[in-house]
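Accompanying notes for the structure given below.
As the structure is a computational prediction, the values presented were derived from the model and not from experiment. Naming convention: chains lettered A, B, ... in sequence-line order (proteins, then strands); numbering from 1 in each chain.
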Amino acid sequence: MTESPSLKDLNPEQREAVLHTSGPLLVLAGAGSGKTRVITHRIARLVESGADPRGIVAVTFTNKAAEEMRSRAQRLMGGRVAIGFIGTFHSWSLRFLRRNAAAAGISPRFSIADSADQLALVKEAMGELGVSETMLPAGSVRARISHAKNALVTVESFEAASNDFAGERIGKVYRLYERKLAAAGALDFDDLIVRAVRLLTSREDVRNLERRRTRHLLIDEYQDTNTCQDALVKLLGEGADSLCAVGDEDQAIYRWRGAEVEHILHFDQDFPAAKIVALERNYRSTEKILESASALVSHNRRRRPKRLRAERGGGSRVRLWRFDEDRSEAEAVARDVGASGRAPSEIAILYRTNAQSRGFEEELVRRRIPYVVVGGMKFYDRAEVKDALAYLRLAARPEDDLAFRRVVNVPARGLGSATLDRIAEASRQTGRSWWEVSGEPLAGLTDRARQGISRFRAIVTDLHEKAESWSPSALLEHLLDASGYAALYENSDEREDVARRENLQELLSSAREFERRNEEGAGVSEYLDAVSLATDADAVPLSGGAVTLSTLHAAKGLEFPSVYVVGLEEGYLPHGNSGDDPDELEEERRLLYVGMTRAGDQLTLTLAGRRLVYGKVQYRSPSRFLDEIPSEALEERVESGDRSSAAAYAPRFGGSRPARFEAIEPEDEPQEAPLGRGRRVRHPRYGYGVILAQEGSGEDTRLTVYFDRAGKKKFVARYADLTPA
DNA sequence: CTGCTTCACCTTTTT
DNA sequence: GGTGAAGCAG
C-alpha cells in the first residue's frame, strides 16, 4: 500500500500532529523543526480524509508566510483545491467586515487608515485638545491607543482606568481620535480585528454563521497572538471540528505589539481537552549552532523546558568577531561574504535596528555584491506611491477625507492652509465629508481657491465615474495624467524625480500583477484592500542571487546556510530601550535566539567597540548575551587595526581572553574618489549640479560643475564647499 | 501661497 | 546621518 502524500516524509511527531484532526491541538514547534510542513500536510490530510476544503481556515501573521503556506499546500495536493481561507489575521478580518458591514454598523466601503494616517489624526486630535506634544509625543500616544485596542480596551474603559494626568489626556485623545476615524469613514489596522471580535461577540447569529463556515482552524505563530487575536481564535475555534495552534514560545518577539506568551503557555488550560505535540528535531542547523542558541535561550524563565536535537551533527563552531569600529565590522563582513564562495542568496546579514543596514549596504555596493533589504523604507510608504493611491481611493469613494486631504493640493492648486482650515471647520460643523462640504459655496474663499477646488472636484468626479468599470491599472495610469501628478516629475533628471517616476511605474506593474492574479473580482476596491494590507516584505522580488539584509524581527521564518548577526553590543542586544525589565530582557534574548537559529551551516556573530550613532561616536561594550553562549562552541577573532586605541579599550571586551588572536589584514583597495566626473553634488549657493570635468589632483584639483539652475562654474576643489548629493 | 532653508529629534522591532 | 516641522523670502 502506498502512503498518501499527506503522510509522506514525516517523522513520528509530525505525523502525530497531522493525524490528530479532531478537537484542539497544540504543536510546540521548535526552530527548524518542520512547522510549515506540519501545517501544510495537515491541510492536505484534512482534504484527503473528506473534509470540505472551503471549511478550512489557516491564519498567519504575514502575507509572506501565508503565500508560502498556500503554495506548499497546493503543491502537496497536486493542484487547485479551493481552501476556505489562507491569510493573515488582518485580511481575514477585513473580508469578514466587508461581508458583515451592516451588522457591524459601518459603511461597507470603509477605507483603511495606515500608520501615517493614524499619526496625523492623533496629532490633529492633540492639537484640538491642546495637549502638548512636548510632554506626550504623538507617536507614543498612538502606541498607547493601539495597545489599548489590541487589549480590547474601549475608550470608556480606558478613561475609567486612567486617573493620572497623562492617562486622562490620552483618554481624551483616544476618544477624539475614534470620532475622527469614524468621520473619515475609516478603520485603522487594529480596528479590523477589534471590530471583528466585537461583532462575533455581540451577535449570536453572525457568530453561528461564521462558525458553520469555519470547520477546521489552523493558527501559525501562536506565541505572537495578542489579546484581540487570541479572542478571535477562541471565538472561531470553540465551534470548529478541529483547532490547531502552532508556535514556539522561544520565538515570541512581539510583546511590544501586545502579544502575550501566556496564550501559548496556557493553551492546555483554555482548552483542557487539548493534545500537545512537541517537535524537537531540528533539521536546519548543525550541532554547534543549535547548541549555542539553545544555551542562550535556556536563560529564559518563562518557557517550557525543552531540548532541541540537531539531526545534522557536527558542523563548525560559531564565529565571534570583535572589531574596533563599525566600519571595520561592515567591511570584514562584506569581504567575507565575497570570499565565502557561496551564492549570495545563501547568505543573510541580520541586525537589531533598520538603521544598521546602511554600513553593510555601502560595503556590499563597493564590492558589487547584490543584496536586498527586507523592510526598511517601504515601497508603499513612499510619498508618490501614497499620493497616487490617495487619488485611487478618492476614485472609489470621494468621501474618503484622509485621501482628500492628502492630495487636494498636490500638485499645487493654490489651496493653502487657510482654505483647508475652512473646509475642515465646515466638515466638523456639519458632520459631513470634505468632499461634500467642498461642493457647496464656502464663505471667505479667494477666487483662486474656488478655482482650485473646482478643478480638483472635476478630476475626482471623472475618476469616480470610471472607478466601477475601469481596471485598477488603467485607472491609475489615467489618474496620474488627469490629476497633473505625473507632470510634477516629468522632464527632470533630478535623481529623486527619476526615482519617483520609477516608483510610479512599479506601482502600475503591481496593479497589473494584481489583475493577473485575480482574474475575476479584481476591481479598484479589491486592489485597494490588497494594497492596504501589503507590506514591503511581500513586494520584494525574489531576484536571483542576492544577500538578504534584514532586521531580526523580519527574519523570523527564514533560513540561510550562512548567517551574520551583527552589532552584538549592549544597546542593540538588548536594545537600550528595554531597560531592566526582565520580561523585555527575555524578549531580547529570544530575538537573538531567532537570529541564530536562522543559520544552517555557518553562524557569525560580530560586534564593534565604537560606532557612529546619529553621527556621533559611541563607545560600546559587548552584549551580555555573549556570556551565555558556551565558549567551547565559539571561535573568536579580534581585529586590532587601530593600534592607538586597541590597547586602551581591549579590556572593555572583558571576561576570558579570545581563544585566538589574529589581526585581520587591512586590505588595499582604491578608495572611490569622493568627487569625480559624473557625480552629483550640492553647493550651498548654486544648489544641485553634476561634475563635468576634473583637472589636476590632490590639493590642486579643479572641478567644473554644471548646476541645474546656475549653469557652468569652476572651482578649486579644496575651497569649494561641495558635498556629494 | 510656495519653495527653500534651517533645526530638532530621532529609531527598536510591524500587521 | 536623515527626515519632518517650522520659519522665512519671493
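- Geometrically, A/R611 does not engage A/Y619 in a cation-pi contact defined by less than 6.0 Å to the ring centre and at most 45° from the axis.
- Taking the nucleotide of DNA chain B with the nearest heavy atom to each of A/R448 and A/E584, the more 5' of the two is matched to A/R448.
- Counting to the nearest Å, the P atom of B/dT15 and the CG atom of A/D191 are 18 Å from each other.
- Looking at A/K556, A/R590, A/R589, A/R303 one by one, the single match for salt bridge (charged side-chain N to carboxylate O under 4.0 Å, His left out) with A/D250 turns out to be A/R303.
- In this structure, CD of A/Q229 is placed 8 Å from C1' of B/dT15, rounded to the nearest angstrom.
- Considering only side-chain N and O atoms, A/N226 lies nowhere under 4.0 angstrom from the phosphate OP1 or OP2 of B/dT15.
- Checked by atom type, the side-chain pair A/Y177/A/D188 shows a donor-acceptor distance below 3.5 Å.
- The P atoms of C/dG4 and B/dT13 are separated by 15 Å, rounded to the nearest whole Å.
- The aromatic rings of A/W92 and A/F85 sit perpendicular, their planes meeting at an angle over 60°, well past the 30° parallel limit.
- Distances shorter than 4.0 Å separate none of the side-chain N or O atoms of A/T62 from OP1 or OP2 on B/dT14.
- When the nucleotides B/dT2, B/dT13, B/dT15 are ranked by their closest atom to the side chain of A/T551, B/dT13 comes out on top.
- Distances from the side chain of A/Y614 to the nucleotides B/dT2, B/dC10, B/dT15 place B/dC10 closest.
- Checking C/dG2, B/dT2, B/dT13 against every side-chain atom of A/T353, the shortest atom distance belongs to B/dT13.
- To the nearest angstrom, P of C/dG2 lies 9 Å from CD of A/E362.
- In terms of position on DNA chain B, the residue among A/T88 and A/E588 whose nearest nucleotide sits closer to the 5' end is A/E588.
- When distances run from any side-chain atom of A/H90 to the nucleotides C/dG2, B/dT15, B/dT13, the shortest one goes to B/dT15.
- Aromatic ring centres of A/F625 and A/H299 lie farther apart than the 6.0 Å criterion allows.
- Using a 4.0 Å heavy-atom criterion, one finds that A/N409 contacts the sugar-phosphate atoms exclusively.
- For A/H553, the listed nucleotide lying nearest its side chain is B/dT14; candidates were B/dT15, B/dT2, B/dT14.
- Proximity note for A/R257 (side chain, C-beta onward) versus B/dT15, B/dT13, B/dC1: the nearest is B/dT15.
- Remark: A/R195 is not positioned above the aromatic ring of A/F110, lacking an NZ or CZ atom under 6.0 angstrom from the ring centre and at most 45 degrees off the axis.
- Judged by ring centres under 5.5 Å apart and planes tilted less than 30 degrees, A/Y254 fails to stack against the six-membered base ring of B/dT14.
- Aromatic stacking of A/F61 on B/dT15: not satisfied for centres closer than 5.5 Å together with planes under 30 degrees.
- Taking atom CZ of residue A/R413 and atom P of nucleotide B/dC1, one finds them 15 Å apart after rounding to whole Å.
- Atom OH of A/Y572 is separated from atom C1' of B/dT11 by 10 Å (rounded to the nearest Å).
- Distances were taken from every side-chain heavy atom of A/K123 (C-beta onward) to each of B/dT13, C/dG2, C/dA5; the shortest belongs to C/dA5.
- The distance from atom CD1 of A/I193 to atom P of B/dT15 is 12 Å, rounded to the nearest whole Å.
- In this entry the distance linking CD of A/E124 with C1' of C/dA5 reads 16 Å, nearest Å.
- We find that CG of A/L119 is positioned 17 Å from P of B/dT14, with the value rounded to whole Å.
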